[in-house]
There are 2 protein chains.
Amino acid sequence: MIDKRQHLLETALQLFYRNGVQAVGINEILKTSGIAKKTLYHHFASKDDLVIAALNARDEKFCNWFESLLKGSKSNSEMTERMFDGLSQWFNNKVDSLDGFRGCFFINTSAEFSDANNPISIRCKEHKQRIKTIIASHLVKADESYLESLCTLKEGAIVLAYVCDDKQAAEKARDTARKLINN
Amino acid sequence: MIDKRQHLLETALQLFYRNGVQAVGINEILKTSGIAKKTLYHHFASKDDLVIAALNARDEKFCNWFESLLKGSKSNSEMTERMFDGLSQWFNNKVDSLDGFRGCFFINTSAEFSDANNPISIRCKEHKQRIKTIIASHLVKADESYLESLCTLKEGAIVLAYVCDDKQAAEKARDTARKLINN
DNA sequence: CAATAGGTAGACAGAGTGGTCTACTTTGCA
DNA sequence: TGCAAAGTAGACCACTCTGTCTACCTATTG
């Protein structure tokens, strides 16, 4: 029984991330997953409910990857290298667990839902905060200013990688971050 | 005759930017503008055509604002201050010509259209390149590395301002940029 | 075995989509 | 004035959307 729900969710996440939430209707998810509509509505109250679940699943997946990426960093410098190396891997489709790169699911979904009070928008914001917390927890030497810089550079790199198809966006952002450590 | 087209375009841009391209159907644009459907299709071949026109209009508007913002900078430092001050104004809804802040229309639209070969996606990318060119043209002292940093910080600040509702995103990015000028 | 839970194919419903078209009116210009 | 261009309200079309529901099947458990 739990398998059907999981299968639905994974299919939905994949389609949503690849094409956008509004561009994918539930009939497409059903067709792709081979699961009946009633089953979908048995597990999820609505499409929005499914979107939230997809966001949760992606958040879990991304944060797990990110956490393991930064784990064990011995210095801020090492953590910085790991982070941007990881981002570069992601941008260039070398992280199996994260699917093919199509920008950030949370930025994309946030763009599709303009109401900041919508639980979907709120969920996207929470993801960003969670990532920031993860980075902060791996800063060997606490540095609030550097943390802000890293978060800004990370988002900027993601956007440039996706919108501008800049394969070197992570490397450029890393070069910038390297200059900040000496300050 | 040209006024109807302009009125349609402005209405469409406003609705698209505020709510998202796919969330706004042409019937809503017609209702809001008070213009007949046949007139819309007289001026624009399709909805996609209207979206492209809206992107063009926004590009023009934004680049004009951005250009005048940076114009006359006497140093890289001054240009940097101007840029991030301007971004802060924008994020906090103090730029009349740019409507209420809802992230970047090009990032948002790019998120909604996943096919990188779609003219819409291409147009979004072109906007980013054009902005980069404007920044470069106002760098008093040429510095390729600094240019890349500025572009990354700018995109990052926009995302944090929108997704995370961080009203200080521009200030934080500016603080980061300030540290880079001394390098 | 019976009841419950989970699942199936697919019909149905109302609302909405982007685009085409009819019949008519208004505007602009020679 | 007459004609072409621009514009109007709105009907129509095929299709899609999300969600509800029917009738039935399968699996599990007491």
Side-chain angles (χ1 to χ4, degrees), chain A residues 1-57 108-109 111-115 117-121 123, chain B residues 1-57 108-109 111-115 117-121 123:
Chain A
M1 65 294 282
I2 200 75
D3 286 330
K4 291 286 186 179
R5 186 184 190 280
Q6 189 62 18
H7 180 44
L8 255 180
L9 186 50
E10 284 167 0
T11 303
L13 173 55
Q14 194 171 52
L15 290 171
F16 285 155
Y17 178 53
R18 194 175 295 164
N19 300 295
V21 171
Q22 284 176 82
V24 176
I26 65 157
N27 288 319
E28 189 180 344
I29 296 166
L30 298 177
K31 192 164 140 195
T32 304
S33 63
I35 285 172
K37 190 177 288 190
K38 185 127 190 190
T39 304
L40 184 150
Y41 285 103
H42 174 75
H43 291 288
F44 303 98
S46 62
K47 185 185 175 180
D48 274 10
D49 196 36
L50 180 59
V51 172
I52 292 280
L55 289 168
N56 289 339
N108 295 344
T109 305
E112 293 198 65
F113 292 81
S114 58
D115 176 11
N117 296 314
N118 185 324
I120 289 175
S121 298
R123 191 66 189 85
Chain B
M1 65 294 283
I2 201 74
D3 285 331
K4 291 287 185 178
R5 186 184 190 280
Q6 189 63 18
H7 180 45
L8 255 180
L9 185 50
E10 285 167 0
T11 303
L13 173 56
Q14 195 172 51
L15 290 172
F16 285 155
Y17 178 54
R18 193 176 296 165
N19 301 294
V21 171
Q22 284 175 82
V24 177
I26 65 158
N27 289 317
E28 189 179 345
I29 295 166
L30 298 176
K31 192 164 145 197
T32 304
S33 63
I35 285 172
K37 192 179 287 191
K38 185 128 190 187
T39 304
L40 185 151
Y41 284 103
H42 175 75
H43 292 288
F44 302 99
S46 62
K47 186 185 176 181
D48 274 10
D49 195 38
L50 180 59
V51 172
I52 292 279
L55 288 168
N56 289 340
N108 294 345
T109 304
E112 292 198 66
F113 293 82
S114 57
D115 176 10
N117 296 314
N118 185 324
I120 289 175
S121 300
R123 191 66 189 82

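Just so it is clear: chains get the letters A, B, ... in the order the sequence lines come, proteins before strands, and each one is counted from 1.
- The interatomic distance linking B:L40 (CG) with D:dA6 (C1') rounds to 14 Å, in whole Å.
- The nearest whole Å value for the distance from the NE2 atom in B:H7 to the C1' atom in D:dG7 is 13 Å.
- Annotation: side-chain contact (heavy atoms from CB on, under 4.5 Å) contacts of B:D49 (sequence neighbours excluded): B:F44, B:A45, B:S46.
- B:A36 meets the side-chain contact (heavy atoms from CB on, under 4.5 Å) test with B:T39; sequence neighbours excluded.
- Side-chain atoms of B:S33 never come within 3.5 Å of backbone atoms of B:L8 as a donor-acceptor pair (strictly under, hydrogens ignored).
- Here the closest heavy-atom approach between residue B:E28 and residue B:L15 is recorded as OE2-CD2, 3.9 Å.
- Straight-line distance from the CG atom of A:L8 to the P atom of D:dG19: 14 Å, rounded to whole Å.
- The nearest whole Å value for the distance from the CG atom in B:D3 to the C1' atom in C:dT26 is 15 Å.
- Applying the side chain to side chain donor-acceptor pair (under 3.5 Å) test to B:E10 and every residue at least two apart in sequence or in another chain returns B:Q6.
- Proximity of a side-chain donor or acceptor of A:Q22 to a complementary backbone N or O of A:E112 within less than 3.5 Å is detected.
- With sequence neighbours left out, A:N56 forms a side chain to side chain donor-acceptor pair (under 3.5 Å) with A:R123.
- Ranking D:dG7, D:dT8, C:dA9 by closeness to the B:H42 side chain, first place goes to D:dG7.
- As rounded to whole Å, 12 Å separates atom C1' of C:dG10 from atom CG of A:L30.
- The shortest side-chain heavy-atom distance between B:L55 and B:V51 falls under the 4.5 Å cut-off.
- Computed from coordinates, the A:L15 CG to D:dC17 C1' distance equals 16 Å when rounded to whole Å.
- End-to-end axis angle for the helix from C:dC1-D:dG30 to C:dA30-D:dT1, using five pairs per end and rounding to 10°, comes out at 10°.
- Between the NE2 atom of A:H43 and the C1' atom of D:dG19 there is a distance of 17 Å, given to the nearest Å.
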Sub-3.5 Å pairs of nitrogen or oxygen atoms, protein against nucleotides 17-23 of chain C:
{"unit_1": "C:dG18", "atom_1": "OP1", "unit_2": "B:K47", "atom_2": "NZ", "d": "2.7"}
{"unit_1": "C:dG18", "atom_1": "OP2", "unit_2": "B:I26", "atom_2": "N", "d": "2.7"}
{"unit_1": "C:dG19", "atom_1": "OP2", "unit_2": "B:Y41", "atom_2": "OH", "d": "2.9"}
{"unit_1": "C:dG19", "atom_1": "OP2", "unit_2": "B:K47", "atom_2": "N", "d": "2.7"}
{"unit_1": "C:dG19", "atom_1": "N7", "unit_2": "B:K37", "atom_2": "NZ", "d": "3.3"}
{"unit_1": "C:dG19", "atom_1": "O6", "unit_2": "B:K37", "atom_2": "NZ", "d": "2.6"}

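- Looking at heavy atoms from C-beta onward, B:I29 lies in side-chain contact with B:L50 at the 4.5 angstrom threshold.
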